[in-house]
Amino acid sequence: MSDIEYYRPHDLDEAVTFLARNGATTRILAGGTDLMIDRRAGTLNTDCLCDVSRLVELKRIEIIDDRLEIGAGVTMNEIVHSETIARFAPALKIAASQFAGNQIRNVATLGGNVAHCSPCGDTVPPLLIHDATAMVRSRSDERAVSLADMAGGPYHCTLGPSELITRFVLKPMTAEMTLTDFQKIGRRRALAISRLSMAVMARQEKDRSIAFIRFALGACTPTPHHFEAVESTLLGKIPTETLLWDVGGKLARQMRVITGRRPSAVYKEPAIAGLFVRILYPLVASSGKPVAP
Amino acid sequence: MTNHYKQVGHSIPKIGITERLTGAPVFSADINLRNPLILRVLRSRRHHARIRSIDTTAARTIDGVVAIFTAKDIPGKNAHGIINKDQPLLMGDKVRSLSDPVALVAAKTDTAARKALDRIKVDYDDLPAVFTPEDAMAPDAPAIHDKGNILFTRKIKRGDPETAFKACAVVVEKTYRTTRIEHAFLEPDAGAGYVDDDGTLVIFASTQNPHYDHQAVVSILGLEKDRVRIIQTATGGGFGSKLDLNVQGFIGLALYHLKQPVRMIYSREESFLATAKRHPLTMTLKTGADKQGRLIATRATIICDTGAYASYGIPVASRSAVHATGPYEIEHVDIESHCVYTNNPFSGAMRGFGTPQMAIAHESQMDLIAAQLDIDPLEIRKINALSVGSVTSTGQKLTASVGIGECLDRLGPYYEQARNEWLKEGDIPYRKKGIGIGGMWYGIGNTGTKNPSTAKIKLTPDGRLTLYTGAADIGQGSSTVLAQIAAEVLGITAESLHLVVADTQRTTSAGATSASRQTYISGNAVHIAATACASALIAEAAALLDLPASALVLSDGNVIEAAGSTRRVDFARLASRLLEKKKPLEWHGVFDPDTTALDPETGQGVPYATYAYAAQLVLLSVDTLTGEVFVEKVFAAHDVGKAIHPENVIGQICGGVVMGLGFALMEEYTPEETDSLKDYHVPTCADLPDIVPIIVEAPEPTGPFGAKGVGEPALIPTAPAVINALAHALGKRIYQLPASLEKVLAVSIETGHYGPKEA
Amino acid sequence: MRIHFNLNGKAIAVDAPVGTSALSLLRDYLGLKGTKEGCGIGECGACAIEVDGKAVNACLMFAAQLDGRTVLTVEGLETPSGLHPIQEAFRDHHAVQCGYCTPGLLMSTHALLAEKPHPDHDDINTAISGHLCRCTGYKNIVSAIEAAGKNPGGKN
């Protein structure tokens, strides 16, 4: 371990210039919480750490035109405390607030969580409901990468060695949304790995019919997966409990098609349907929840 | 209630708290040593195999590696174990479980030590392995130890259950199962040591039983007793796991050969892999009651999986059998508890010795019988609760301090409120609420065996007092409680009493910090020593002041006239007078509770001198869609005899309740799957319900100031109360712990709570 | 590499390999044993320290990440006049049993009270639910933090 070099660029250009030259033998260090686990396990096989945690370019949270941009170096607690995110991506705030423990939320970054490509990454579902893309820089290029394309498989990030995620671009929540939420199920109330998680954003008409819906499922598929059928089935319909059970059941079966029948499916299948009903229940008339936000 | 005592009954600051608050280097991993070598152990990673050879040649060439030891380097007896010495320090001929130690490396750095582990080559012949007690008991099962796989059977027979069952209005027979539980104390096992100028091996250890460690290390190394000294360092929790010899033997072996300072710290993963677990129990109970709900007969078959080694397996089997009735009077019993070897990780002591598992079974049976007879669950417990004059399953007549009735009574108002109001409040869609009660009793000290404690009080010529006790304080606060007991008797403050604790060169054995025994047993030893000291001081003062001894009391370092005159003499003066008379300035106390051995065939006898009792009430709600359980409130009534330090009692209750919630809902140790704190979940602060501790004091005449114990009782009723509350909420019972998301959701589906409700 | 940072009010420089954890830097290189290792993987909080006013797990941080930062450990809490008011609150509310989780919890409490001098129950829960304690059942720890919040100056 004494062989590792440590490099801390002063700005983004320095960072990507360094990565262009040394990316293949460098690991990008942001919060460090995942790299330290690798180090302890003896699997941090790298010559160099490039510490991007102090780059101000990666720390911005702002509305630009009609986009919400969140820097890749923004920590979970910075998300939790951001008024901009509370207003324009509240489900992300909820997910960040339930992420690991407070000490980890103080250092773990959004970019790190997404690039780690864990199937249980809790920030992914809330990013998906905002149609988020990652902006990825290299010395010569900037490109937009969808979250689905970022993960080549569990814990496998498809980005090149000289590439760095700089920010995420989200469609901000609009004022007329009826419901936005993130919920996760773990074995305990804190420090829990998600058994499953869901994020949703929806708008209802006055007659309670669903005019817009984005839905994402977490911790159930190897990589982020957009369940379009869920959204298209609900769109235009007036949700009832029966409808939610029906769609939730279909969602669970779809999950099984993707993952194959695993031992965990005995729980996950009914729990997916159950959590689906629970998270969308406020859309149902009998919930007593108003349509207007 | 007014407290007439000046020390007892007061929640003084815990002794040793400042060091812990300031981060002083008091734990084994922290203490300062000159360039200690680092010790690491190679573990088998095989379930059952014969060792053909161990080749350490390559490992020895690694830079920084100082020595590698195997079984043949052990100078004494290569065996340890609290009761059955069936566990080699380093395996010689075969390995019986994944964690079995095969070689010990001493190196200058941890990196070198770890590299060496990778380079040691062990050649094994795998043997057939068994992973369930049922398989292990089969006639053709592979023998894990030479004497066969059934380690021990405890039988308790009384009355005529078969005939009695026929007369019962209701008979319920069910099987309950619990899983392996990890103690998950916060400080991973650690120790250190050096060789003293006079050649004594000085071993610091995170331990619950330094005097046992001493015996074990002496035997392994074949040394004279005075060549080994064990000093208990600050111990970051134990809960039973640090009763076994964990790092101590390895440190001793390295010191013996190398004579230079060493340190050994288990990683968290190694602590999970290599230390004892709570015994998984399979418990089949048949319980019969009459129409009025009075329990008449019970038959119990209990199987304890002790894994590859006995550790505390026999006490677990014995204690689970004795406690199988729960805190209820049952005339006819037929109980058999078997302790069986398997190739699983070894099971040992964990907070309650089988009683927490047993309580799942007997408390579930109570609710099942109550339901069949349409009797209220609280009521059926009151009907059957032990009381003064009751006879237990071992034929012991209880003569005093039976507080289960009062515990149940104290829950009454909360129970009524919960049923009449809480249950009906705040209807959340898809949530079901449940109320559950758990009761327990717990015999203080070891089961039907001698388990004495000793203590010493010493007076210095300048009048200062020192308490010597071998009792290891592992965070529960025994040092504080013992100091309070001594100080109360000696008329000084606990803070002014000097303490020497758990150092085998300076203290005599107080027995293990286990079985909730230190307050009662060591408390009594301390009380006896302090009383002897006080008597001697009073006698001397009486002569000096020319007053009858009965007129004198101890107060603030003086012997004074009780009537309140100014006549007094301070301890220093009395000390010098005693010295002049060549009287020793130290007083000893020995206490061994009044028990008898249990008959091997009938289990009849007096296993414990006294019992603690408790009942808890749990209010929870279940998400029927996901299986999540939300424990909202826990009311915990505990009969402790007398709370010497009420805040310590409350601390034990709250800690026990939360550990009980983990046992009930989330904890399950699976080797190689849940062997870190990431995958093995214990409750966090976010899982904390509103806990209402209720202290009940049914004084124990033989206890110090009436005290009994609370450490283990705190945990025992919680899980059964949760299981009963879940059954109440969902209408169907879970028979196998933990009541995980998976099991709760499965019950919710089976009972039709899960699924569309609209027409 | 050489790492410069402010530790408990003093500017220091220390040489350590890049792969060293902040926890090892404190314990093994600087001899400050108050910060404990409970799990090594950020799941228990025993190693919590304060970096630039925020509680972090020292086991999940490279020592190099401390470069240029201000670090507070449990050794830096005590004042010349004695225990810090947070330490007093933990003592007075019997929030310590074995004491192994205590230094980490003190640091999280210190960071919390600096940000929110009068935290409510949810704030406390958020701040400490990344810490495991197996002894106390947390109740007295929560009480101690509440009390420290109500009485920031302590007894003095």
Side-chain angles (χ1 to χ4, degrees), chain B residues 11 13-14 16-27 29-32 183-188 234-239 265 267-269 473-477 645 647-648 650-659 661-662 676-679 682-688 690-691 693 714, chain C residues 24 27-28 31-46 73-78 82-84 86-88 90-107 122 124-142 145:
Chain B
S11 296
K14 185 188 279 289
I17 194 166
T18 306
E19 295 91 307
R20 285 160 178 78
L21 285 168
T22 56
V26 291
F27 291 92
D30 307 339
I31 50 175
N32 194 26
H183 304 69
F185 38 73
L186 259 284
E187 182 212 14
T235 299
F239 310 111
I265 306 170
S267 67
R268 174 60 63 183
E269 290 80 356
D473 188 337
I474 57 171
Q476 88 286 24
H645 190 297
E647 284 291 347
N648 269 10
I650 288 167
Q652 287 298 308
I653 291 173
C654 294
V657 165
V658 172
M659 191 180 269
L661 294 178
S676 77
L677 286 174
K678 173 166 160 273
D679 299 309
V682 302
T684 69
C685 184
D687 300 281
L688 174 68
D690 181 13
I691 303 171
Chain C
S24 172
R27 288 182 58 88
D28 304 328
L32 296 183
K33 308 285 189 174
T35 307
K36 312 297 183 195
E37 175 166 327
C39 69
I41 54 170
E43 295 284 337
C44 78
T73 69
V74 68
E75 288 88 352
L77 275 186
E78 223 178 335
L83 294 180
H84 187 279
I86 294 170
Q87 292 170 315
E88 288 182 342
F90 270 60
R91 179 194 62 200
D92 297 343
H93 288 81
H94 305 276
V96 179
Q97 285 191 27
C98 83
Y100 201 77
C101 69
T102 306
L105 277 159
L106 291 170
M107 300 323 294
D122 286 347
I124 294 171
N125 204 10
T126 300
I128 68 163
S129 58
H131 290 263
L132 298 181
C133 168
R134 193 67 154 165
C135 296
T136 65
Y138 305 103
K139 187 178 160 96
N140 283 354
I141 294 171
V142 174
I145 299 172

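Just so you know, these numbers use all the heavy atoms, side chains as well, and skip hydrogens, waters and symmetry mates. Below, chains carry the letters A, B, ... as their sequence lines are ordered, and counting in each starts from 1.
- Between C:Asn140 and B:Glu647, some side-chain heavy-atom pair lies under the 4.5 Å cut-off.
- Counting heavy-atom pairs under 4.5 Å between each of B:Ile474, B:Val682, B:Ile691 and chain C puts B:Val682 at the top.
- Heavy-atom distances place both the backbone and the side chain of C:Gln87 under 4.5 Å from chain B.
- When each of B:Cys685, B:Pro683, B:Ala714 is scored by its heavy-atom pairs under 4.5 Å with chain C, the top score falls to B:Cys685.
- Each of B:Val658, B:Asp30, B:Asn32 has some count of heavy-atom pairs under 4.5 Å with chain C, and the biggest count is that of B:Asp30.
- Heavy atoms of C:Leu77 lying under 4.5 Å from chain B are absent altogether.
- Contacts with chain C were tallied for B:Met659, B:Glu269, B:Gln652; B:Met659 has the most, counting heavy-atom pairs under 4.5 Å.
- Checking side-chain atoms of C:Gln97 against main-chain N and O of B:Gly651 turns up a donor-acceptor pair under 3.5 Å.
- Nearest heavy-atom pair, B:Phe27 versus C:Gly99, reported as atom, atom and distance to 0.1 Å: CZ-C, 4.1 Å.
- A distance-only check finds no donor-acceptor pair linking the side chain of C:Tyr100 to the backbone of B:Phe185 [under 3.5 Å].
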_Apply side chain to side chain contact (heavy atoms under 4.5 Å, CB included) to residues C:His94 and B:Ser11 and explain how you reach the verdict._
CA-CA 9 Å; C:His94 305 276; B:Ser11 296; 3.8 Å; yes

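- Heavy atoms closer than 4.5 Å to chain C are found in both the backbone and the side chain of B:Leu21.
- At distances below 3.5 Å, not a single donor-acceptor pair connects side-chain atoms of B:Lys678 with backbone N or O atoms of C:Ile41.
- Contact detail for C:Gly38 and B:Leu677: the closest heavy-atom pair is O-CD1, 4.2 Å.
- In this structure, the portion of B:Thr235 lying under 4.5 Å from any heavy atom of chain C is its backbone and not its side chain.
- Listed by chain and residue number, A:Arg189, A:Ala190, B:Thr684, C:Asn125, C:Ser129 satisfy the side-chain contact (heavy atoms from CB on, under 4.5 Å) test with B:Ala686 (two or more places apart in sequence, or in another chain).
- Most heavy-atom pairs under 4.5 Å with chain B, from the set C:His131, C:Lys36, C:Glu75: that is C:Lys36.
- Annotation: ring pair (Phe, Tyr, Trp, His ring centres under 6.0 Å) contacts of C:His93 (sequence neighbours excluded): none.
- When atom types are taken as modelled, the side chain of C:Arg134 and the backbone of B:Leu186 share no donor-acceptor pair closer than 3.5 angstrom.
- Across C:Gly137, C:Gly40, C:Cys98, C:Gly34, the residue that shares the most heavy-atom pairs under 4.5 angstrom with chain B is C:Cys98.
- Interatomic distance, B:Asp687 CG to C:Tyr138 OH, rounded to the nearest 0.5 Å: 8.0 Å.
- Taking chain C as the reference chain and counting heavy-atom pairs below 4.5 Å, the highest number among B:Cys654, B:Gly236, B:Ala29 is found for B:Cys654.
- For a residue to count as touching a neighbouring chain, one of its non-hydrogen atoms must lie under 4.5 Å from one of that chain's; by this rule C:Thr102 touches chain B with the side chain only.
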